[in-house]
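For ligands, and for the atoms within them, numbers begin at 1 and follow the listed sequence.
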Amino acid sequence: MIITITLNPAIDVSYQSHHFQLNKVQRVANGSKTAGGKGLNVSRVLKQLGCEPLCTGFLGGHSGSWIKSRLNQEGLDHSFIEINEETRTCLAIIDNQYGTQTELLEEGPFITIAEKDKFLSEFSKMLEKAKLITASGSLPKGIPLDIYSEISEMANASNVPFILDTSGKALEYGIQGRPFLIKPNKEELCQYVGKQELTMDEMIDAAKKICETGVQYVLVSLGKEGALLVGHDTVLLAEIPEIPVINPVGSGDSMLAGMAYALKNQYDFKTCLKWACACGMSNAMEAKTGEIHLHKVQELLTKIDVTVL
Ligand code: ATP
């Protein structure tokens with residue numbers, strides 16, 4: 001079983017507007033509502049790859065119940081810790097005329113120490129059945145910055161690979177728990193090392209330094225430029241072909257799912273990197289976030305070149 005952790009899920013509401021103006025009343029068609037959160041996207045893609053992931057994290061209030069009912073409809077297993085405060089709602093206003101997207105992201109509920117402890121205790125039980133763990137996204141209020149480090153140490157103690165996709169302080173602290181793999185994009189890696197820009201050599205150096213701290217692999221996603229997989233004695237570069245992109249949002253989550261699926265199947269690292277890229281690419285070719293098509297993934301796998309650097 002693969003467990004996906006989403007500590008700060010959201011109801012994502014998106015409105016289409018045709019002339020969005022500040023300080024005006026706008027009439028819009030009903031918004032589309034989805035169960036959002038990076039880890040939920042990872043789960044959706046894993047399911048499309050034929051896995052049966054278990055989603056966990058925190059959910060509360062009516063929003064939390066709504067997310068659970070949507071996951072049920074999507075056939076995704078879940079075991080969330082019930083919290084006292086309401087799960088957040090995030091709003092996107094998409095203007096097709098101006099080509100703009102305005103987002104309002106709530107910071108989310110406050111998690112109490114008791115709720116956090118309950119999560120860790122439930123998680124330690126889930127670990128007994130887990131083959132691999134992924135954790136994605138930001139931390140809700142009240143959650144200590146080193147939570148991903150603690151989760152990673154628990155996974156390491158049970159010999160279960162832990163894959164972490166987060167940024168900023170949560171990444172900085174998370175790395176200290178020696179995750180099996182982290183997946184920053186280029187911007188997140190730049191932020192981690194405190195630089196505006198990084199060349200390919202500098203990215204490899206930065207990733208190697210992270211590996212020296214005990215992380216086994218760093219997967220740097222580079223959007224349309226492909227990806228880099230760096231380990232203690234491995235540097236692999238995936239070069240990808242140009243594709244017709246429709247919506248690349250969630251490609252990082254899809255990449256994580258592809259990597260988790262390939263690792264679970266014990267493919268070699270070149271093949272794992274190809275699966276990760278192919279799933280990210282397939283998602284970029286769809287309008288819906290967290291959607292891939294297996295036949296497209298299979299086709300893309302044959303078009304990705306992986307070079308040993
Ligand atoms: P997000 O935060 O939206 O989930 P990310 O920044 O974490 O994304 P990206 O580097 O944008 O992740 O994308 C992950 C992978 O998806 C890339 O390594 C690549 O394989 C594929 N991908 C993303 N965007 C494109 C694109 N425009 N063209 C081709 N492939 C893409």
Nearest-contact summary for [atom] - protein heavy atom, Å:
atom	answer
atom 12 (O) of ligand 1	Ser221 OG, 3.3 Å
atom 13 (O) of ligand 1	Ser251 CB, 3.6 Å
atom 8 (O) of ligand 1	Gly252 N, 3.2 Å
atom 18 (O) of ligand 1	Gly226 O, 2.9 Å
atom 20 (O) of ligand 1	Cys277 O, 3.4 Å
atom 27 (N) of ligand 1	Val245 CG2, 3.4 Å
atom 6 (O) of ligand 1	Asn185 ND2, 2.9 Å
atom 7 (O) of ligand 1	Lys183 NZ, 3.1 Å

Steps toward side-chain hydrogen bond (donor to acceptor under 3.5 Å, both in side chains) verdict (Ser43, Thr4):
CA-CA 6 Å; Ser43 283; Thr4 68; 2.7 Å; yes
What about Gly250: any of its N or O atoms under 3.5 Å from an N or O on ligand 1?
yes
Evaluate Gly223 for polar contact with ligand 1, using N/O atom pairs at a separation under 3.5 Å.
yes
Would you kindly specify which portion of Met281 sits under 4.0 Å from ligand 1, judged on non-hydrogen atoms: side chain, backbone, both or neither?
both
Quick one: does Asn265's side chain get under 4.5 Å of Trp275's, heavy atoms only?
no
Do His19 and Tyr98 have their ring centres less than 6.0 Å from each other?
yes
Step through it carefully: locate the ring centre of Tyr173, locate the ring centre of Tyr148, and say whether they are under 6.0 Å apart.
no
Within a distance under 4.0 Å of any heavy atom of [X], pick out the atoms of ligand 1 and give their elements.
X	answer
Gly280	16 (O), 21 (C)
Ile240	19 (C), 20 (O), 29 (C), 30 (N)
Leu222	10 (O), 18 (O)
Ile243	28 (N), 29 (C), 30 (N)
Asp253	4 (O)

NZ/NE/NH1/NH2 to OD/OE distance under 4.0 Å, [X] and [Y]:
X	Y	result
Glu153	Arg178	no
Glu212	Lys209	no
Glu107	Lys141	yes

Any donor-acceptor pair under 3.5 Å from Asp95 side chain to Phe20 backbone
yes
When the ring planes of Phe80 and His78 are compared, do they come out parallel, tilted or perpendicular, using 30° and 60° as the limits?
tilted
Sort out for me which residue in Val306, Ile304, Thr234, Asp268 forms a side chain to side chain contact (heavy atoms under 4.5 Å, CB included) with Leu273.
Val306
Given the options Glu286, Met281, Met285, Gln48, Ile292 meets side chain to side chain contact (heavy atoms under 4.5 Å, CB included) only with Gln48
Return the option from Glu225, Lys274, Lys224, Lys38 holding the heavy atom at the smallest distance from atom 26 (C) of ligand 1.
Lys224
